[in-house]
> 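This is the structure I have questions about; it appears just below.
Side chains included, hydrogens not; waters and symmetry mates left out as well; all remaining heavy atoms used.
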Amino acid sequence: MNTPSGLLPVVYADESSNSGQNLLDPHQPVFTLAGVHLPDELAASVVDEVRSQLPPTQGEPKYGSLARSSKGRRALKRAFERLPEGSVRSYLLDKRFMVVTKLVDVLVEPLADADGVNLYEGQGGLALAELLRLGGLVLGDAAAFHQMLQAFVDWVRQRGVATDELFTAIAAYRASIPEEHADFAGWIELLECCREVADATAVDLATGEQRDILDPAVPALYCLCSSFGEAVGQFRLVHDTSKVIDRNATLLRMAHLLPDLANPGRFNDPFPAVQIDFADSTSHPQLQIADWAAGAVRQWAAHLAVGGGDRFSEELADVVKPWVVGAVWPTGTVDLRASGPEDR
């Protein structure tokens, strides 16, 4: 028996630093999504307390404006202290690493699958992405490696890079790798073997058959909601206005009909958000808190990803780390059990 939507628990979600498929924006290296499950009264009280500590002339207290002043930071810390354990969850992505994982997903995985190799089982694809990321900047020319990644992003986004130009960039990077690193060059040659896959994918990209494949919002939301579902069961999701989520809402609801590629013979778990609504943070205090949580996780994670930041970025660690339920984030290690390029 289905529970009426008005009686379902409600989870509120918001993003920070979503640049869409433009994953190589140097000013936004990290994407975060945060969800909040809080009673209306507590959420309103938390937001009202923060507002009481700000000048009456200040508009909506978004995370970016609060984090720039000492008074705003103190207000944020106090707000976070009032949030019950488990009421906030977050998912984060290192955008540059996501580009490398998508390079493997889009080009190499279909080629491997045609040869009967499942790169998702045993995390072989992730190991390859780690290898390319770790070796890319130091075993060949760093500028050529960046150009290869940028060409891939622009090719997927249909931003003036044809398939020929993408593979010219791949070949240029492979040529920059000195002979003493021939083993690593073999992995780049594997990318060059993916031309037929790329030609077929280019058709799908041009016709819109494949869309939003680099946008982190959809996979992050599926993972975040799956985590909340384990705690509260089915729920209603209220998301800050998002065209990409709205466009992919049907796909999310049909996730259970798609195979779980990492576990052959199984299907994905059902998406626990049985209803998706969109709203503005001014109308729901929980969305305001989700904005603060997403911003705090993003500030802390950006400090980890590229360095810099300030003392507040470091102080956020103890607060936000328990919120993180998943990530697309490099580990800095490669599973040496992965097959070598000679085994492809």
Side-chain angles (χ1 to χ4, degrees), residues 6 8-18 27-28 30-92 221 224-225 227-228 231-232 235-242 245 276-304 308-325:
L8 288 169
V10 185
V11 172
Y12 298 81
D14 198 6
E15 306 162 345
S16 181
S17 290
N18 186 1
H27 302 295
Q28 300 186 69
V30 171
F31 165 85
T32 57
L33 172 70
V36 171
H37 176 53
L38 284 172
D40 292 342
E41 297 80 5
L42 176 57
S45 174
V46 170
V47 171
D48 287 345
E49 181 177 353
V50 169
R51 286 184 176 277
S52 71
Q53 300 176 60
L54 304 176
T57 56
Q58 179 161 333
E60 183 183 4
K62 303 291 281 186
Y63 180 83
S65 61
L66 292 174
R68 282 194 291 269
S69 71
S70 59
K71 182 175 291 187
R73 293 179 179 189
R74 286 194 299 270
L76 285 170
K77 287 182 179 180
R78 170 60 182 155
F80 294 155
E81 289 172 356
R82 296 185 60 191
L83 302 179
E85 183 178 354
S87 63
V88 180
R89 299 175 188 230
S90 182
Y91 195 91
L92 64 93
L221 185 62
L224 182 73
C225 287
S227 177
F228 270 110
V232 303
F235 58 86
R236 180 169 69 93
L237 175 68
V238 178
H239 197 292
D240 195 56
T241 304
S242 169
I245 298 301
I276 303 176
D277 297 320
F278 296 96
D280 186 85
S281 57
T282 57
S283 58
H284 296 281
Q286 291 93 334
L287 277 179
Q288 186 72 77
I289 296 170
D291 167 78
W292 298 342
V297 176
R298 185 263 310 154
Q299 183 169 351
W300 164 71
H303 169 67
L304 293 182
D310 53 20
R311 184 176 176 181
F312 186 59
S313 302
E314 299 175 359
E315 292 175 349
L316 287 170
D318 290 339
V319 176
V320 305
K321 284 172 68 175
W323 297 345
V324 178
V325 297

> Is the closest side-chain heavy-atom distance between Leu54 and Leu66 below 4.5 Å?
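In short, these two side chains touch, coming nearer than 4.5 Å.
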
> The criterion is ring pair (Phe, Tyr, Trp, His ring centres under 6.0 Å); which residues satisfy it with Tyr12, sequence neighbours excluded?
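Testing Tyr12 for ring pair (Phe, Tyr, Trp, His ring centres under 6.0 Å), a comparison that skips the adjacent residues, returns His284.
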
> Does the side-chain contact (heavy atoms from CB on, under 4.5 Å) test come out yes or no for Val88 and Trp292, once each step is laid out?
CA-CA 11 Å; Val88 180; Trp292 298 342; over 6 Å; no

> Taking all non-hydrogen atoms of both residues, which atom of Ala293 and which atom of Ala34 are closest, and how far apart?
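Of all heavy-atom pairs spanning Ala293 and Ala34, the closest is CB-CB, 3.8 Å.
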
> If I compare all heavy atoms of Ala296 with all of Leu316, which pair ends up nearest, and what's the gap?
O-CD1, 3.6 Å

> Rounded to the nearest 0.5 Å, what's the gap from CG on Leu33 to OH on Tyr91? Could you check?
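So the gap between those two atoms works out to 10.0 Å.
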
> If the condition is salt bridge (charged side-chain N to carboxylate O under 4.0 Å, His left out), which residues does Arg82 pass it with, not counting sequence neighbours?
Glu49

> State which residues pass ring pair (Phe, Tyr, Trp, His ring centres under 6.0 Å) with His303; sequence neighbours excluded, sorted by chain then number.
none

> Quick one: pull up OG in Ser69 and CG in Leu76 and give me the separation to the nearest 0.5 Å.
8.5 Å

> Under the side-chain contact (heavy atoms from CB on, under 4.5 Å) test, which residues partner Val325, sequence neighbours left out?
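Val325 satisfies side-chain contact (heavy atoms from CB on, under 4.5 Å) with Arg89, Leu224, Ser227 only.
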
> Which atom names give the shortest non-hydrogen contact between Leu38 and Pro84, and what distance separates them?
CD2-CD, 3.6 Å

> Output the distance between atom CD (Gln286) and atom CG (Leu42), rounded to the nearest 0.5 Å.
9.0 Å

> Show the nearest heavy-atom pair for residues Phe228 and Gly86, with the distance to one decimal.
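For Phe228 versus Gly86, the nearest heavy atoms are CE2-O, 4.4 Å.
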
> Could you state the interatomic distance from CD1 (Ile245) to CG (Leu221), rounded to the nearest 0.5 Å?
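Those atoms lie 4.5 Å apart.
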
> For Gln288, check side chain to side chain donor-acceptor pair (under 3.5 Å) against everything at least two apart and list the hits.
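Result, side chain to side chain donor-acceptor pair (under 3.5 Å) vs Gln288: none returned.
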
> Please name the pair of heavy atoms, one in Leu237 and one in Ala13, separated by the smallest distance, quoted to 0.1 Å.
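Closest pair (atom of Leu237, atom of Ala13, distance): CD1-CB, 4.0 Å.
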
> Please list, chain by chain and in numerical order, all residues satisfying side chain to side chain donor-acceptor pair (under 3.5 Å) with Ser87, sequence neighbours excluded.
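Partners of Ser87 by the side chain to side chain donor-acceptor pair (under 3.5 Å) criterion come out as none, since no residue qualifies.
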
> Using salt bridge (charged side-chain N to carboxylate O under 4.0 Å, His left out) as the criterion, list what pairs up with Glu315, not counting sequence neighbours.
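Only Lys77, Arg311 meet the salt bridge (charged side-chain N to carboxylate O under 4.0 Å, His left out) criterion with Glu315.
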
> Can you list the residues that meet the salt bridge (charged side-chain N to carboxylate O under 4.0 Å, His left out) rule with Asp280, with sequence neighbours excluded?
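Once residues adjacent in sequence are excluded, Asp280 has no partner under the salt bridge (charged side-chain N to carboxylate O under 4.0 Å, His left out) criterion.
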
> Going by side chain to side chain donor-acceptor pair (under 3.5 Å), name the residues that satisfy it together with Ser313, two or more places apart in sequence or in a different chain.
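Ser313: side chain to side chain donor-acceptor pair (under 3.5 Å) contacts with Gln299, Asp310.
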
> Given 3.5 Å as the limit, does a donor-acceptor pair link the side chain of Thr241 with the main chain of Phe278, or not?
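Not a single qualifying donor-acceptor pair exists.
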
> Would you check if the side chain of His239 reaches a backbone N or O of Ala279 as a donor-acceptor pair within less than 3.5 Å?
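No, the answer is negative, given that no donor and acceptor are paired below the 3.5 Å cut-off.
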
> Start with the C-alpha gap between Trp300 and Leu92, add the side-chain angles, then the distance that decides, and say whether side-chain contact (heavy atoms from CB on, under 4.5 Å) holds.
CA-CA 11 Å; Trp300 164 71; Leu92 64 93; 4.0 Å; yes

> Looking only at non-hydrogen atoms, find the nearest pair between Ser281 and Asp240 and report the distance.
N-OD1, 3.8 Å

> Distance from Gln53 atom CD to Asp48 atom CG, nearest 0.5 Å?
11.5 Å

> Rounded to the nearest 0.5 Å, how far apart are CG of Asn18 and OG of Ser242?
7.0 Å

> Would you mind listing every ring-ring contact (aromatic ring centres under 6.0 Å, His included) that reaches into residues 61-85, with sequence neighbours excluded?
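The answer is Phe80-Trp323.
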
> Arg68: what forms a side chain to side chain donor-acceptor pair (under 3.5 Å) with it, not counting sequence neighbours?
none

> Listing request: all salt bridge (charged side-chain N to carboxylate O under 4.0 Å, His left out) pairs with a residue in residues 288-302, at least two apart in sequence or in separate chains.
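Qualifying pairs: Lys62-Asp291.
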
